[in-house]
Protein chains: 2
Amino acid sequence: MSEPRRIDAAERILDTAQQLAQTCGFNGFSYADIALQLGVTKASLHYHFPSKAELGRALIARYRERFVEALAAIDHRGGKATGKLRSYVKLYHEVMHLDRMCLCGMFAAEYATLPPAMQEELRRFFDANELWLSGVLERGRSAREIAFRDPPRERARVLVGTLEGAMLLARAYGDDKRFQCVARHLLAELTPAPPAPPPAASRTAPPS
Amino acid sequence: MSEPRRIDAAERILDTAQQLAQTCGFNGFSYADIALQLGVTKASLHYHFPSKAELGRALIARYRERFVEALAAIDHRGGKATGKLRSYVKLYHEVMHLDRMCLCGMFAAEYATLPPAMQEELRRFFDANELWLSGVLERGRSAREIAFRDPPRERARVLVGTLEGAMLLARAYGDDKRFQCVARHLLAELTPAPPAPPPAASRTAPPS
DNA sequence: GTCTATAGGCAGATAGAC
DNA sequence: GTCTATCTGCCTATAGAC
C-alpha cells in the first residue's frame with residue numbers, strides 16, 4: 001500500500017523515450033515527440049530530466065539493469081547452456097518483434113555523437129552481456145553441452161555482434177525471418193551434432 | 001584532356017557528407033557541417049543537392065555503385081571462394097579502419113526516419129551484397145573449396161548481418177580486434193578442415 | 001556556381017505562475 | 001509537478017545579387 005509500485009511520471013517518460021529511441025535513434029526524436037505522445041508539455045519533461053543527455057543516460061542505465069535482471073532470471077531457472085543461450089536469443093527476438101532495434105545497438109551506431117556519460121553507460125551494457133555469455137559458454141563447454149574452439153570471451157563477442165547486426169538488417173527489411181535465420185545458425189554452430197552423436201572427431205577428440 | 005576526371009564540386013560534397021554520415025549518421029550531421037569542412041556556404045550545397053533527402057539518396061547510390069565495382073574487381077581477379085570471401089571481408093575492414101561505420105549499416109539503424117527514396121536505395125545495396133555472396137558461396141561449395149549446410153542465400157545474410165554487427169560494436173569500442181576476431185571466426189567456419197582434405201562427407205556427399 | 005541575406009520552423013532549455 | 005510563455009540557436013531551404 002505504501003509502495004503500490006505505481007508507474008510514476010519519470011517511468012512513463014522513459015517508456016516513451018525508449019520506444020522512440022529504439023525506432024528513430026537518439027538523434028531522431030525530440031522532447032516534443034515524447035510530450036505529444038504522453039499528452040504533456042515539453043517543460044514538464046525537463047522537470048524530470050533536465051537535459052536530453054541525462055535522459056539518454058537514464059535510458060541506457062534502466063535498459064541495462066533490466067537486461068541484467070533478465071539474465072539473472074535465466075540463470076535462476078537453471079538448465080543446460082543450450083537452453084540459456086536460446087533464452088538469451090529470445091530476449092533479442094522479443095525486442096525485434098516489436099519492430100524495435102536493441103536500444104544499445106541503436107546507440108552504438110550513433111556512438112560518436114553521444115555525450116560521454118552515455119558512451120560509458122553503453123559500454124557497461126555490452127560488457128555485462130559479454131561477461132554473462134562468457135560464463136555460460138565456458139561452463140557449457142566444460143559440461144560438454146556445447147562445443148567451440150575459440151576463447152569464451154571472443155565467442156561471446158561473436159554472439160553479441162552477430163545478433164545486433166541481424167536485428168539491424170531484419171528491421172530494415174521488416175522481416176523477422178532474417179533474424180531467426182541468423183539466430184538459428186548461431187545456435188546450431190555451438191551444437192555440432194544434435195541427433196547423430198559423433199560426426200567424425202578423430203584427432204580433435206576431447207580427453208575422456 | 002577533354003575529360004581530366006577532375007573532382008567536381010558534387011563529388012567533393014558527397015565525399016565530405018559520406019564521411020560525416022558514416023561517423024555521425026544521417027540525422028547527426030547538417031549542411032552547415034559539410035559547408036564548414038569544405039570552406040563553402042550552405043547555399044552552394046543546395047545548388048548541387050536541393051534537399052537533404054536527395055543528398056542522402058545520392059550518397060547511397062554512389063556507395064552501392066562503388067561497392068558493386070569492388071565486387072566485380074574481386075571476381076575479375078579470379079581465385080578460390082575462400083580468397084574472394086577474404087577480399088569481401090577486407091572491404092569492410094578498410095572502412096572500419098578509417099574509424100567509420102559502413103554507410104549502409106549506419107543508415108539501416110536510422111531506417112525508420114529515412115525518406116522513402118533512401119530506404120529503397122538502401123535495400124538495393126544489401127540485395128546486391130547478398131546476391132554476390134550467394135553466388136560465391138554456391139560456386140565455392142560446388143568446387144569443394146568451402147563447406148556449409150544452409151542455403152547460400154541464408155548464409156549470405158548471416159555474413160552480411162554479422163559483419164555489420166561486428167563493425168557496429170568494434171567502432172563503439174574503438175577496437176579493430178573486435179571486428180577481426182568475428183571476421184576470422186566467420187571465415188574459419190566455412191573452411192572446416194584446411195590441412196586435412198576430406199572431413200567425413202558420407203551421406204551428404206554431392207553428386208559427382 | 002557561389003555568394004549574402006533571410007525566411008520559417010523546430011531543437012533543447014529556462015522563468016515563473018498555479 | 002505541470003502549466004504558459006519565451007529565449008536562443010540551429011535546422012533545411014529559398015531569393016536574388018554577382
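To find a chain, count down the sequence lines: A is the first, B the second, and so on, and within it residues start at 1. As the structure is a prediction and not an experimental result, all values here were calculated from the model. Just so you know, these numbers use all the heavy atoms, side chains as well, and skip hydrogens, waters and symmetry mates.
As a whole-Å value, the separation of A:Ile13 CD1 from D:dT2 C1' is 11 Å. Rounded to whole Å, the distance from CZ on A:Arg12 to P on D:dG1 is 14 Å. At whole-Å resolution of the value, CG in A:Leu38 and P in D:dG1 are 16 Å apart. The distance between atom CZ of B:Phe26 and atom C1' of D:dT12, rounded to the nearest whole Å, is 11 Å. For the pair A:Leu45 CG and C:dA13 C1', the interatomic distance rounds to 12 Å; values are reported in whole Å. A straight line from CD of A:Glu11 to C1' of D:dG1 spans 17 Å, rounded to a whole angstrom. Between the C1' atom of D:dT2 and the OH atom of A:Tyr47 lies a distance of 10 Å, rounded to the nearest Å. Here the P atom of nucleotide D:dT2 and the CD1 atom of A:Ile34 are 14 Å apart, to the nearest Å.
Of the side-chain N and O atoms in B:His46, none sit less than 4.0 angstrom from OP1 or OP2 of C:dT2. Between C:dT2 and B:Thr41, no contact under 4.0 Å exists linking OP1 or OP2 to a side-chain N or O.
Between the A:Gln22 side chain and the A:Met101 main chain, a donor and an acceptor come within less than 3.5 Å of each other.
Among pairs with a residue in residues 122-143 of chain A, those fulfilling ring-ring contact (aromatic ring centres under 6.0 Å, His included) read A:Tyr63-A:Phe125, A:Phe67-A:Phe125, A:Tyr88-A:Trp132, at least two apart in sequence or across chains. Under the ring-ring contact (aromatic ring centres under 6.0 Å, His included) criterion, the residue pairs touching residues 150-192 of chain B are B:His93-B:Phe179, with sequence neighbours excluded. Every pair passing side chain to side chain donor-acceptor pair (under 3.5 Å) that includes a residue from residues 64-74 of chain B is listed here, sequence neighbours excluded: B:Arg64-B:Glu121.
Legend: residues meeting side-chain hydrogen bond (donor to acceptor under 3.5 Å, both in side chains) with B:Glu164, ordered by chain and number and at least two apart, are absent. Among residues two or more places apart in sequence or in another chain, the side chain to side chain contact (heavy atoms under 4.5 Å, CB included) test is passed with B:Arg77 by B:Ile74, B:Ser87.
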message: Using a 4.0 Å heavy-atom cut-off to protein, can you give one letter per nucleotide of nucleotides 5-11 of chain C, 5' to 3': B if the base is in contact, S if only the sugar-phosphate is, - if neither?
response: ------S
